[in-house]
Protein chains: 2
Amino acid sequence: MKSEIEIFREFIRKKGLRNTPERETIIEEIFASHDHFDVDELYLRLKSKKKKISKPSIYRLIPYLLESGLIQEAYFEDGHLHYEHIYGHEHHCHLRCLNCGKIIEFEEKYLKKVENRLAEKYDFLVKGHKFEVLGYCPKCKAHI
Amino acid sequence: MKSEIEIFREFIRKKGLRNTPERETIIEEIFASHDHFDVDELYLRLKSKKKKISKPSIYRLIPYLLESGLIQEAYFEDGHLHYEHIYGHEHHCHLRCLNCGKIIEFEEKYLKKVENRLAEKYDFLVKGHKFEVLGYCPKCKAHI
DNA sequence: GTTTCTATTGTAAATGAAATTCATTTCTGC
DNA sequence: GCAGAAATGAATTTCATTTACAATAGAAAC
Ligand SMILES: [Mn+2]
Ligand SMILES: [Mn+2]
Ligand SMILES: [Zn+2]
Ligand SMILES: [Zn+2]
């Protein structure tokens, strides 16, 4: 299986664009962890490792990572978007704590059937779904 | 069944807050239509009806409408939040066109069972869920 | 290797949604 | 009416994201 960076290099070449050390650095940092991420947090992680990457470079890269199928938008929280890896990851849903943001991932195969039923019923070309269950985690529910 | 405005008056009184003509005007406008809405669109609707309500008054009212159970966040699209009525509405999910924003609402009773299973398995206090199916509507899928 | 073309970069400025400040107004209970 | 507290609108601020622009640097052609 190809690595994320190989997928990206191929994608960027096919589009007739250019790869750069900055892009490789950002991608390396994103995929060094398996966690969800947001732009600011990623920027600070790079900064703390003395990698001088500007925020616009991150913002400009994200649409390409989305288009190449390496990441997707996971959820909108605290006023900004959070992303997650998808290349090489099984599709999954999120159980999210409304207080502390804790995320638990789970599978729910039935939803694929719902997609198919809707596609037929409403003549939609269905591309996917997002299923989020919201609530309070064990720690937080005690204090609310 | 109580009207939305009655629910709101009761809520605001119980909190020891005050109702105002501005709030009544905003609430009247929100519930005059059954559609989803966002702040800017609501502001413009009020403006076009010569109702001089400031945007901050709308932004300040929304947390109370959420807290009182009259509305909820529906989805994040085009850089801002969209809301929907919930008081007197059956819970439902959304099929959304990624191109034109068209929304189709549908029911999926099975998801309540998923909630219960997760609550037990992960010791969460579950408050609800969001299930969005994304794709392209009949009109848009022809042009993509 | 050099040239040439143009995508990418970082800095700075601009946007736009949402929140906040503050002086003024308006409720509400006494 | 009066006092105290809450709400208002205009203006300002904040913060995420985007854009402008001049300098830089891939990469393809020579
Ligand atoms: Mn995830
Ligand atoms: Mn709806
Ligand atoms: Zn929590
Ligand atoms: Zn459409």
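Because only heavy atoms are used, hydrogens play no part in the values below, and waters and symmetry mates are left out as well, while side chains stay in. In what follows, chains carry the letters A, B, and so on, assigned in the order in which the sequence lines appear, proteins first and then strands, with residues in each chain numbered from 1.
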Discussion item. Without decimals, in angstroms, what is the distance between B/Lys15 NZ and C/dT28 P?
Written reply: 17 Å
Fill in: Under-4.0 Å side-chain N/O to phosphate OP1/OP2 contact, B/Tyr59 with C/dA19
no
Item to complete: Look at all strands and tell whether B/Pro21 reaches a base, only sugar-phosphate, or nothing, counting heavy atoms closer than 4.0 Å.
Response: sugar-phosphate
Worksheet entry | Stepwise salt bridge (Lys or Arg N to Asp or Glu O under 4.0 Å) check, B/Lys51 with B/Glu22 | CA-CA 9 Å; B/Lys51 308 284 176 62; B/Glu22 287 83 0; over 6 Å; no
Worksheet item: Listed by chain and number, what are the side-chain hydrogen bond (donor to acceptor under 3.5 Å, both in side chains) partners of B/Ser3, not counting sequence neighbours?
Response: B/Glu6
Worksheet item: To 10°, what angle do the rotation axes through the five end pairs on each side of the helix from C/dG1-D/dC30 to C/dC30-D/dG1 form?
Response: 30°
Show me the side-chain donor-acceptor pairs of residues 56-66 of chain B shorter than 3.5 Å, one per line, residues at least two apart or across chains.
residue: B/Ser57; atom: OG; partner: B/Ser54; partner atom: OG; Å: 3.2
residue: B/Arg60; atom: NE; partner: B/Pro56; partner atom: O; Å: 3.4

Item to complete: Take atom CZ of A/Phe76 and atom C1' of C/dG16, then tell me their distance rounded to the nearest Å.
Response: 12 Å
Fill in: Residue pairs passing the side chain to side chain donor-acceptor pair (under 3.5 Å) test where at least one lies in residues 134-144 of chain A, sequence neighbours excluded
A/Lys141-B/Asp123
Fill in: Whole-Å gap separating C1' (C/dA19) and CD1 (B/Ile62)
12 Å
Worksheet item: For B/His92 and B/Glu84, does a side-chain donor sit closer than 3.5 Å to a side-chain acceptor?
Response: yes
Response to the item:
Letter by letter from the 5' end, nucleotides 3-9 of chain C scores (B base, S sugar-phosphate only, - none; protein heavy atoms under 4.0 Å) --BBBSB
Practice prompt. Please determine, by modelled atom types, if B/His129 and B/Glu108 share a side-chain donor-acceptor pair under 3.5 angstrom.
Written response: no
Worksheet item: Using a distance-only test with no angle check, is there a side-chain donor-acceptor pair under 3.5 angstrom linking B/Glu132 and B/His94?
Response: no
Worksheet item: Can you find a heavy atom in the side chain of A/Asp40 that is under 4.5 Å from one in the side chain of A/Lys55?
Response: yes
Worksheet item: According to the interplanar angle, ranging from 0 to 90°, do the rings of A/His80 and A/His82 count as parallel (below 30°), tilted (30 to 60°) or perpendicular (above 60°)?
Response: parallel
Practice prompt. For the residue pair A/Phe131 and B/Phe131, categorise the inter-ring angle as parallel (less than 30°), tilted (30 to 60°) or perpendicular (more than 60°).
Written response: perpendicular
Worksheet entry | Nucleotide interval of DNA chain D bounded by contacts with chain A (heavy-atom cut-off, under 4.0 Å) | D/dA16 to D/dA27
Practice prompt. For the pair B/Arg96 (side chain) and B/Val133 (backbone), establish whether a donor and an acceptor sit closer than 3.5 Å, ignoring hydrogens and angles.
Written response: no
